[in-house]
Chemist: 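Right, I'll just put the structure down here and ask away after.
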2 protein chains.
Amino acid sequence: MMMAGLRERKKEQTRRRIAEVALRLFDERGYDAVTVNEIAEAAGVAKVTLFNYFPTKDCLVTEGVKDDLAAIVSGRPEGCAPLEALRRAYLAMAAESTGGMDVESLLARIRVISSSPALMGAMHAVRMGERYELATALRDADPGGDDLRAQLMAGQITAAVTTLQEVFFHRIAAGEPLEEAGRRLAHDVELAFDLLEHGFAPREDTP
Amino acid sequence: MMMAGLRERKKEQTRRRIAEVALRLFDERGYDAVTVNEIAEAAGVAKVTLFNYFPTKDCLVTEGVKDDLAAIVSGRPEGCAPLEALRRAYLAMAAESTGGMDVESLLARIRVISSSPALMGAMHAVRMGERYELATALRDADPGGDDLRAQLMAGQITAAVTTLQEVFFHRIAAGEPLEEAGRRLAHDVELAFDLLEHGFAPREDTP
DNA sequence: TTCAAAAACGTACCTGGTTTGCTTTATGCT
DNA sequence: AGCATAAAGCAAACCAGGTACGTTTTTGAA
């Protein structure tokens, strides 16, 4: 009865092989110039099997890029405001930068995504899902609060995070070393969250 | 020398016929259940001609839904902050609600869009274009300002407007009369722009 | 060893979208 | 009026992502 057996391991292995082959081909020749047929063939698998693992072509790349903002809010420590929890989480992420994952394949992923409008669109779709979940989490965090307010906050937070990621990706794709990009990211995170917290107004201070 | 002749009129007429037929079919049977072939046939036109007028299927519906935030910022009166110009523009839009366009087809459009994930995605793509242009306009409005700051602001503003529109669409699709939805929209606009202007912080007032 | 479930497969098919090359038709000029 | 031209339309074939379906292989356990 399900001893994490050979079967599961083989499945995982196949899935990883497909994703790796796809990423390599995309990086070599561009996302649009590679067909799923080629990927399937190169991975030694039938097209239908590929689509069994990944529901769409873009999922080959965008899988696992969710930041799960909602979880950060839900799991924040007692007495910590949602926005503060998110700020800390992103500062931590900027400090890690490459959290355990293979660096080269991470960079390849970023290159591929940044150079394909279709994938940028797919990323956006992912973000929209996150936004929805975040709105729910924010509503839970502030019961009795305004519903529209939660939605607006979720939208703005998601937008900020998206922009941060895009700028980060852009720098990486432009060849900036990962470490330096990470340092600058930390700075940018502060700016972004200050903007969220205090708004655009602080042009003229009224202390 | 191009006296707006019969040719142009016929073209415009064909284009409108295609769009109307498409909207009607989508509204009757759902976006995904209608193929472009059917639309072309129903409009008495070849598929290739349809794609000559509308580059993609979703453009049949999403054409002309751009709000052109950038133009509002660029064309704002002297001494008026960008955010203030946008607030006024959206308040005005909420007051008009149905600005001259045929109401029934407007409602059909909203119904169709709100009930199709694919079209919601397409709307999003439109918004992303707007965001980019808005970032540029904001940069122009504040020369010497921080580039990232402009991008973040553009993202947040776009997110707010998107949320407002989604809520508005949702109410319309749920059968709320246009006029009432417009009234509530005006109120929501104020909330959204206050949030943008002053941030999330103002839970406890510090006057 | 045997057997049922799960995984992989091959093939044909659908749909959005593009390409090619040909006909029709409005238009501007003489 | 008549004619050349350029725009618009068309039919049919094609491409790629994705799905449906029925078949074969692999695997875990009896």
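This structure is a prediction, so every number in the text was calculated from the model and none was measured. Chain A is the first sequence line, chain B the second, and so forth, proteins listed ahead of strands; every chain is numbered from 1.
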Chemist: Would you say B:Lys11 places a side-chain N or O within less than 4.0 Å of OP1 or OP2 belonging to D:dA8?
Modeler: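 Yes, such a contact exists.
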Chemist: Could you tell me the separation between the CZ atom of B:Phe51 and the P atom of C:dG16, rounded to a whole number of Å?
Modeler: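 Value for this atom pair: 7 Å.
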Chemist: Among C:dA8, C:dG16, D:dG18, which is the nearest nucleotide to the side chain of A:Thr56?
Modeler: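 Selected nucleotide (nearest to the side chain): D:dG18.
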Chemist: Using the side chain to side chain donor-acceptor pair (under 3.5 Å) rule, pick out the option among B:Arg184, B:Arg171, B:His170 that qualifies with B:Glu176.
Modeler: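 Exactly one candidate clears the test, B:Arg184.
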Chemist: Could you state the CD1-C1' distance from B:Ile39 to C:dG16, rounded to the nearest angstrom?
Modeler: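 Taking CD1 of B:Ile39 and C1' of C:dG16, I get 11 Å after rounding.
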Chemist: CD of A:Glu41 versus C1' of C:dC9: gap in Å, rounded?
Modeler: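 In whole Å, C:dC9 C1' and A:Glu41 CD are 14 Å from each other.
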Chemist: Taking B:Arg183 first and then B:Glu179, would you say they form a salt bridge - that is, a charged N and a carboxylate O separated by under 4.0 Å?
Modeler: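 Result for this pair is yes, salt bridge flagged.
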Chemist: Report yes or no: is there a donor-acceptor pair, N or O only, under 3.5 Å between the side chain of A:Lys47 and the base of C:dG10?
Modeler: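 Between C:dG10 and A:Lys47, which were checked side chain against base, a qualifying N/O pair under 3.5 Å is absent.
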Chemist: Rounding to a whole Å, what distance do you find between B:Glu8:CD and D:dA6:P?
Modeler: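 Taking CD of B:Glu8 and P of D:dA6, I get 16 Å after rounding.
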Chemist: Nearest whole Å is fine: how far is C:dA7 P from A:Lys10 NZ?
Modeler: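 One finds 12 Å between P of C:dA7 and NZ of A:Lys10, rounded.
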Chemist: Does A:Arg76 come within less than 4.0 Å of A:Glu84, counting only side-chain N to carboxylate O?
Modeler: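 Salt bridge flag = no for A:Glu84 with A:Arg76.
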Chemist: When you match B:Gly44 and A:Val36 each to their closest nucleotide on DNA chain D, which lands nearer the 5' end?
Modeler: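 Per heavy-atom nearest nucleotide, the more 5' residue is B:Gly44.
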Chemist: Can you measure A:Asn37 atom CG to C:dC13 atom P for me and round it to whole angstrom units?
Modeler: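 Result: 17 Å.
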Chemist: Quick one: is A:Thr49 getting a side-chain N or O under 4.0 Å of the C:dC9 phosphate, OP1 or OP2?
Modeler: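 For C:dC9, OP1/OP2 do have a side-chain N/O of A:Thr49 under 4.0 Å.
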Chemist: Check whether B:Phe54 forms a cation-pi arrangement with B:Arg15 (NZ or CZ under 6.0 Å from the six-membered ring centre, at most 45° off the ring normal).
Modeler: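 B:Arg15 over B:Phe54 ring: yes.
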Chemist: Rounded to whole Å, how long is the line connecting atom CZ of A:Arg15 with atom P of C:dA8?
Modeler: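 Roughly 11 Å, once rounded to whole Å.
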Chemist: Give A:Tyr53 one of three labels, base, sugar-phosphate or nothing, depending on what nucleic acid heavy atoms sit under 4.0 Å from its own.
Modeler: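 The answer is sugar-phosphate, as A:Tyr53 gets under 4.0 Å only of primed atoms, P, OP1 or OP2.
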